[in-house]
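In what follows, chains are A, B, ... by sequence order, proteins preceding strands, each numbered from 1.
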2 protein chains.
Amino acid sequence: MGPKREPLSRERVVAAAMALADEKGESGVTMRAVAARLGVEAMSLYNHVAGREGLLNGMVDAVFAEIELPAPTADWKTAMRERAVSSRAALRRHPWAVGLMDSRRQPGPATLRHHDAVLGALRAGGFSVAMAGHAFSLIDSYLYGFVLQELSLPFNDHAGLEEVAGDILNDLPAGAYPHLTELATEHALKPGYDYADEFEFGLTLILDALQPDERPQ
Amino acid sequence: MGPKREPLSRERVVAAAMALADEKGESGVTMRAVAARLGVEAMSLYNHVAGREGLLNGMVDAVFAEIELPAPTADWKTAMRERAVSSRAALRRHPWAVGLMDSRRQPGPATLRHHDAVLGALRAGGFSVAMAGHAFSLIDSYLYGFVLQELSLPFNDHAGLEEVAGDILNDLPAGAYPHLTELATEHALKPGYDYADEFEFGLTLILDALQPDERPQ
DNA sequence: CACGGTAGACTTACGCTGTAAGTCGCGTCA
DNA sequence: TGACGCGACTTACAGCGTAAGTCTACCGTG
């Protein structure tokens, strides 16, 4: 009788959940809310994803799919830099993804493809298997940690930093925490400062300190 | 008439919430559950903490209080290493704390003391204000990122790694993801491997690459 | 073409959650 | 002694994830 509804699918469900998460954060991804966005009831989603957890699995894999794959070039340093920059951008687009990325017991195809390409770029650059593992872990730790901090800071830009830092500094016992005060007033609250710029400093330091093994295995 | 109950206090509430979080994870910290552990009803907690969010504030500050403060010695490298090791231990004791540490709009006294001491140790080691800021951000990014990965991996020890990796590898299309397979079979699944050991590699690399400014300001 | 069986899409209903709003009882001061 | 005020506590509610139950639409068979 009524017009036939566009049927649900895993892709449609995951896409709606991601859009919702981008707008309202991970906690905004309720089965009801996702369903409402698709014009169905909550329980219909369970036919396409394995509960909330399965939905998160799909969302994580979709984030990995957004990260540019490094080519297996000899210039591993550039490949790693670009991969890190692309990952940071994806994680900033989808703040809810940090912390979910490594927790999947059943990684999706995009996740596996991503990890394989990163390792391939390091191997092509002359890293041994073991050293490629070290480098992958180190770079990802820095990447995830930086984005985690960047996203969880209670401000987004210089103006927000000024406001929050000002509030905190005002409430401080005078003279307590001298180094913190020094950093704030003489550095972080100066006009040109942007916390986001710290990313390049650390990434460059790490990439310059990393080296392929002298005798690749 | 009845025996007088030990009155609640912010400290007792926060301690109970931390114990609960350690046992059942952050999501186990429900107002009801915390209250039940203290023998009261949920709403009583609201007299001592500003809702669930205020409770989390107190829990985060308590975690900072558990981290050993670096002494303002000239040996900044040792101080930073020990601070990182102590922080990692605290974050592993309280897995729920990662991701909450930098998000507090109103940092508690232990948090402020901690940050001030870290900056103080770097300044005493010859770092300029700006370089101390860079170093703090870099080390903490690595620290938080490593612990985040370490904790979110879906296994805890070598046996668990073998099981999960085995399951994943079995489900893989043969020949797809060659570098991932290589890393697993030739490195990570070998007897002596433990992901936790990667921490030292990255920390040492970072600390060796960091240097005080040549002309401290 | 008719029809019975069944897989899969969908909804209802339940035991949870965080907390706003309301109630109680004790300590204090006239 | 009495009653007032305020902090400690509970009740009640809207909204959560999902187990269990319902219903629809299709397909193979005669």
Nearest whole Å is fine: how far is [N] [atom2] from [X] [atom1]?
{"X": "B:Arg12", "N": "D:dA8", "atom1": "CZ", "atom2": "C1'", "result": "14 Å"}
{"X": "A:Asn47", "N": "D:dC23", "atom1": "CG", "atom2": "P", "result": "17 Å"}
{"X": "A:Leu55", "N": "D:dT18", "atom1": "CG", "atom2": "P", "result": "10 Å"}
{"X": "A:Arg52", "N": "D:dA19", "atom1": "CZ", "atom2": "C1'", "result": "18 Å"}
{"X": "A:Arg32", "N": "C:dA13", "atom1": "CZ", "atom2": "P", "result": "13 Å"}
{"X": "A:Met31", "N": "C:dT11", "atom1": "CE", "atom2": "P", "result": "14 Å"}
{"X": "B:Lys24", "N": "C:dT17", "atom1": "NZ", "atom2": "P", "result": "10 Å"}

(message) Quick one, B:Thr181 and B:Thr185 - any side-chain contact, counting heavy atoms below 4.5 Å?
(response)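 Yes; the side chains approach each other to less than 4.5 Å.
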(request) Considering only NZ, NE, NH1 and NH2 on the basic side and carboxylate oxygens on the acidic side, decide whether B:Arg105 and A:Glu163 come within less than 4.0 Å. (result) no
(request) Kindly assign one of parallel, tilted or perpendicular to the pair B:His114 and B:Phe64, based on the angle between their ring planes and the thresholds 30° and 60°. (result)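 Because their plane-to-plane angle lies in the 30° to 60° range, the rings of B:His114 and B:Phe64 count as tilted.
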(message) Would A:Leu161 and A:Tyr193 count as a side chain to side chain contact (heavy atoms under 4.5 Å, CB included) here? Give the steps.
(response) CA-CA 10 Å; A:Leu161 164 62; A:Tyr193 184 84; 4.0 Å; yes
Can you tell me which nucleotide in [options] comes closest to the side chain of [X]?
{"X": "B:Tyr46", "options": "C:dG18, D:dG17, C:dT11", "answer": "C:dG18"}
{"X": "A:Leu8", "options": "D:dT10, C:dC10, C:dT19", "answer": "C:dC10"}
{"X": "A:Glu41", "options": "C:dT11, D:dA8, C:dG18", "answer": "C:dT11"}
{"X": "A:Ser44", "options": "D:dT10, C:dC10, D:dT18", "answer": "C:dC10"}
{"X": "A:Met43", "options": "D:dT11, C:dG18, C:dT11", "answer": "C:dT11"}

(message) Considering every strand and a 4.0 Å limit on heavy-atom distances, what is the contact class for B:Val34: base, sugar-phosphate, or nothing?
(response)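 The residue B:Val34 makes no contact with any strand.
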(request) Would you tell me if any nitrogen or oxygen in the side chain of B:Thr30 comes within less than 4.0 Å of OP1 or OP2 on C:dC16? (result)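 No, because none of the side-chain N or O atoms of B:Thr30 sits under 4.0 Å from OP1 or OP2 of C:dC16.
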(request) Could you give me the CA-CA distance, side-chain angles and deciding distance for B:Phe136 and B:His115, then say whether side chain to side chain contact (heavy atoms under 4.5 Å, CB included) is met? (result) CA-CA 9 Å; B:Phe136 198 173; B:His115 289 149; 3.4 Å; yes
